[in-house]
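Notes follow the structure.
These numbers were taken from a predicted model, which means no experiment stands behind them. The first residue of the sequence shown is numbered 1, and numbering continues consecutively from there. The basis for the numbers below is simple: all heavy atoms, side chains too, and nothing from hydrogens, waters or symmetry mates.
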Amino acid sequence: MKAESVGRTKKNENLNLAQSFGTYVRENLVKILSFIVTFIAVVLLSFVRIASTNTISSYNIADYEVGQISDITVVANKSLPADSMNPVAVEKGEKVIKKGFAITEEGYAKLKRMSESRAYIDYRAFANSILFLMLLSTLYFFLFSRVVLQKKCEGKELITEHVFFILNYAMAVIAMKTSLFSSPYTIVVVLPGIFCSFLMAILFGQIDAICFSVLVSLGILHVSGYQMVPFVFMLSVTLAASRIVRRIERRIDLVFASMLQGMLSLVFLVVLKIVFNDSMKDSIFAFVGVVFNGFISGILCLGFLTPLEYILNTASVFRLMDLSDLNNPTMKKMLVTAGGTYNHSMMVASLSESACREIGANSLIARVGGYYHDIGKMENPEYFTENQTDGENIHKQINPSLSVSVIRSHVKRGEEKGRELRLPPQIIKIISEHHGNQVIKYFYSEAKKLDPDVKPEDYSYTGVPPTTKESGVVALADTVEAACRSLDNPSVSRLEKFIHTLFQDKIENHQLDNCGLTFKDIDIIENTFVQMLASYYHSRVKYPDQKDPDTGKTVEDTEVKKTEETPAQTIEEKKDDK
């Protein structure tokens, strides 16, 4: 019985392992397939490089000379007949040179015959190349994991990174076969690493660009025969490129970034010349080439950026700036059809942007998310309080269950509208998550009056709680802005207490569990909201002769009358403010 129990346990473990593996493959199918295609392409390029390079047992023929004591034994793996260029024959299995013995003229001639023969391929060098690429693949899976990027890497992002890597690797292989660019100081002139880093940083963010810089620099190290100059130069310029474009907000800024990048490339190359004690003579071509490379990379980036933004549908800084233009048709329609929602969205965007800037999140994504988070309300604007200008609440005439279905449908419609507008996934995520799965308390309370056994799930939003910091901040701003509109006498002390209560309610209902916001972040967000709303609701000077439009009386008369009618209430409000 015990043996049978152990057998069943092992069988269940194997079954669970197989299911976990299957789940991982399904969830990362695009990542796995794109990696396999990229790995095969790079291996083929590496094979071409090895097959067309004069190497023997991973050593270049230039490393040998007549009379030199050999540090390896080279055995011919195939027979090669003599030809006009090399009048020596090589027999299969022959020891061409022996470890510890001097290289003879005949031995050197046979080495030269083997290295220059297209029929001879240095499979040892090819095997070493594959081993290096396998190590690089391991690093790739680590760098582009959720642990490092702090997000799930999308398929389009990985495919773009793979294409850029192959482009740089192929250009390096081709350059090494030419006499003009085979030098470690000139090969960097033709490598498009800066161009690719610019695009990676703008389209996907700085962390992605940094990870790409590490990988592509190691790839260049491999192609160049493990020479340090191309590796260090490529790593320096690509990291600098990812940093330079980190905070640009206008397309014209990319031109200035290109000029700065060109100057930095020149500085890096001069420093490397000095460090490796290389002569400055005949370096004009390399110096001019790296400056031109840095400058033209930014100009080309401007040309490629717009089509790539459209194809990949990314939340790049330029795309977000275009979406934040309030003169676009969507925002104009919202202003006309749902004016209250428009004003609410403007305030949510301002609150979210300021809070995200304080906690180090992406303030531009939060601002655009605030603008578009309620676009689903444009279908039935009259069902939402902020758009009911005549004071008539339509929900008083219908059943609470119907009201809830209309209210929560604006999230679904907002998602659909966002996809129609081809909004970036980050913005659609904010639209779908800004209410999470919390209960719609007003209608739930009304429904309980009719049926005490009603379930909270039937009166809750059907989305998921926020999963990013920006989405969490917009959700908080949405709740706070809407609730504070109903607050009487919104003094600083009242705002602090009220906003803190709203935040605690979000926390207790587990709406902020998955968005990455810490308690420190929440305190900062709370203080930011209080300061901004206090400024927004600040008291204004009342003019002495100003008359109330309803009563026709002056402000002083109205205030005296209110004091006489409700003295106790006024005293309590003053105590509360203190």
Side-chain angles (χ1 to χ4, degrees), residues 30-31 34-35 37-38 41-42 140 143-144 148-149 151 153-172 188-220 233-262 264-265 290-323 362 364-365 422 424-426:
V30 175
K31 181 177 182 179
S34 62
F35 166 76
V37 171
T38 303
V42 174
Y140 155 78
L143 291 178
F144 283 88
V148 176
L149 297 181
K151 64 177 182 178
C153 206
E154 298 182 10
K156 59 187 178 182
E157 182 177 342
L158 294 173
I159 292 172
T160 305
E161 186 268 335
H162 293 160
V163 171
F164 287 167
F165 183 87
I166 293 174
L167 176 63
N168 280 272
Y169 195 92
M171 287 297 296
V188 295
V189 172
V190 295
L191 299 179
I194 298 173
F195 165 72
C196 296
S197 292
F198 275 154
L199 287 175
M200 286 291 293
I202 294 172
L203 293 173
F204 305 113
Q206 187 182 15
I207 297 179
D208 296 74
I210 291 173
C211 294
F212 171 76
S213 298
V214 174
L215 287 174
V216 77
S217 300
L218 289 171
I220 300 306
F233 181 85
M234 178 61 72
L235 185 63
S236 301
V237 295
T238 51
L239 288 176
S242 63
R243 179 69 180 179
I244 287 173
V245 298
R246 186 171 65 97
R247 292 194 179 278
I248 61 174
E249 295 184 353
R250 300 173 302 168
R251 296 183 188 270
I252 190 64
D253 293 339
L254 199 52
V255 176
F256 298 108
S258 303
M259 297 170 64
L260 177 59
Q261 183 64 55
L264 284 175
S265 297
V290 294
V291 172
F292 179 75
N293 186 322
F295 178 74
I296 200 64
S297 293
I299 305 304
L300 289 174
C301 181
L302 274 175
F304 279 89
L305 196 56
T306 300
L308 285 176
E309 283 177 331
Y310 180 79
I311 294 170
L312 300 175
N313 192 26
T314 60
S316 69
V317 61
F318 301 131
R319 179 90 189 283
L320 292 173
M321 290 299 293
D322 292 339
L323 290 173
N362 193 317
L364 191 52
I365 286 180
R422 281 186 57 81
Q426 293 90 330

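With sequence neighbours left out, the ring pair (Phe, Tyr, Trp, His ring centres under 6.0 Å) criterion links F256 to no other residue. Qualifying side chain to side chain donor-acceptor pair (under 3.5 Å) partners for S236, counting only residues two or more places apart in sequence or in other chains: none. By the side-chain contact (heavy atoms from CB on, under 4.5 Å) test, I159 pairs with V30, S34, V163, sequence neighbours left out. The side chain to side chain donor-acceptor pair (under 3.5 Å) test applied to R246 returns no partner, not counting sequence neighbours. Contacts of R251 classified as salt bridge (Lys or Arg N to Asp or Glu O under 4.0 Å), with partners at least two apart in sequence or in another chain: E309, D322. Taking I207 as the reference, L149, C211 meet the side-chain contact (heavy atoms from CB on, under 4.5 Å) condition, with sequence neighbours excluded. By the side-chain contact (heavy atoms from CB on, under 4.5 Å) test, I311 pairs with no residue at all, sequence neighbours left out. Residues forming a ring pair (Phe, Tyr, Trp, His ring centres under 6.0 Å) with Y140 (at least two apart in sequence, or on another chain): F35, F144, H162. A search for side-chain contact (heavy atoms from CB on, under 4.5 Å) contacts involving A201 returns A209, S242, V245, not counting sequence neighbours. Considering only residues two or more places apart in sequence or on other chains, T238 meets the side chain to side chain donor-acceptor pair (under 3.5 Å) condition with S213.
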Quiz item: Could you go step by step and tell me if F233 and S265 meet the side chain to side chain contact (heavy atoms under 4.5 Å, CB included) rule?
Solution: CA-CA 8 Å; F233 181 85; S265 297; 4.1 Å; yes
Practice problem: Given side chain to side chain contact (heavy atoms under 4.5 Å, CB included), test T314 with L308 step by step and report yes or no. | Solution: CA-CA 8 Å; T314 60; L308 285 176; over 6 Å; no
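Within the 4.5 Å cutoff, no side-chain heavy atoms of M321 are placed close to those of R250. Y310 places a side-chain heavy atom less than 4.5 Å from the side chain of R422. Annotation: side chain of L320 is not in contact with side chain of Q426 (no heavy-atom distance under 4.5 Å). Looking at L158 and T38, their side chains never come closer than 4.5 Å, going by heavy atoms from C-beta outward. Residues F164 and P192 have side chains not in contact (no heavy-atom distance under 4.5 Å, counting atoms from C-beta outward).
In plain terms, the two heavy atoms of L191 and N168 that are nearest each other are CD2-O, 4.0 Å. Here the shortest heavy-atom pairing between A41 and I166 reads CB-CD1, 3.9 Å. Closest non-hydrogen pair, V190 versus M171, comes out as O-CE, 3.5 Å. Between F318 and L305, the shortest heavy-atom contact is CD1-CD2, 3.0 Å. P424 and R319 make their closest contact through CG-NH1, 3.9 Å (heavy atoms, listed as atom of the first residue, atom of the second, distance). Minimum interatomic distance between Q261 and I244 (heavy atoms only, all atoms of both residues): OE1-CD1, 3.4 Å.
Among residue pairs with one or both ends in residues 290-306, none qualify as salt bridge (charged side-chain N to carboxylate O under 4.0 Å, His left out); sequence neighbours excluded.
Once rounded to the nearest 0.5 Å, the distance linking CG of L203 with CG of N313 reads 11.0 Å. Of the inter-residue distances, the one linking Q206 atom CD with L239 atom CG reads 9.5 Å to the nearest 0.5 angstrom. How far CG of L215 is from CD1 of I210: 12.5 Å, rounded to the nearest 0.5 Å. In this structure, I365 CD1 and L323 CG are separated by 11.0 Å, a value rounded to the nearest 0.5 Å. A distance of 14.5 Å separates OG in S197 from CZ in R243, rounded to the nearest 0.5 Å.
The aromatic ring centroids of F304 and F195 lie less than 6.0 Å from each other.
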Below 3.5 Å, can you tabulate the donor-acceptor pairs from side chains in residues 294-301 to any protein atom, sequence neighbours excluded?
residue: S297; atom: OG; partner: N293; partner atom: O; Å: 2.6
residue: S297; atom: OG; partner: N293; partner atom: OD1; Å: 3.2

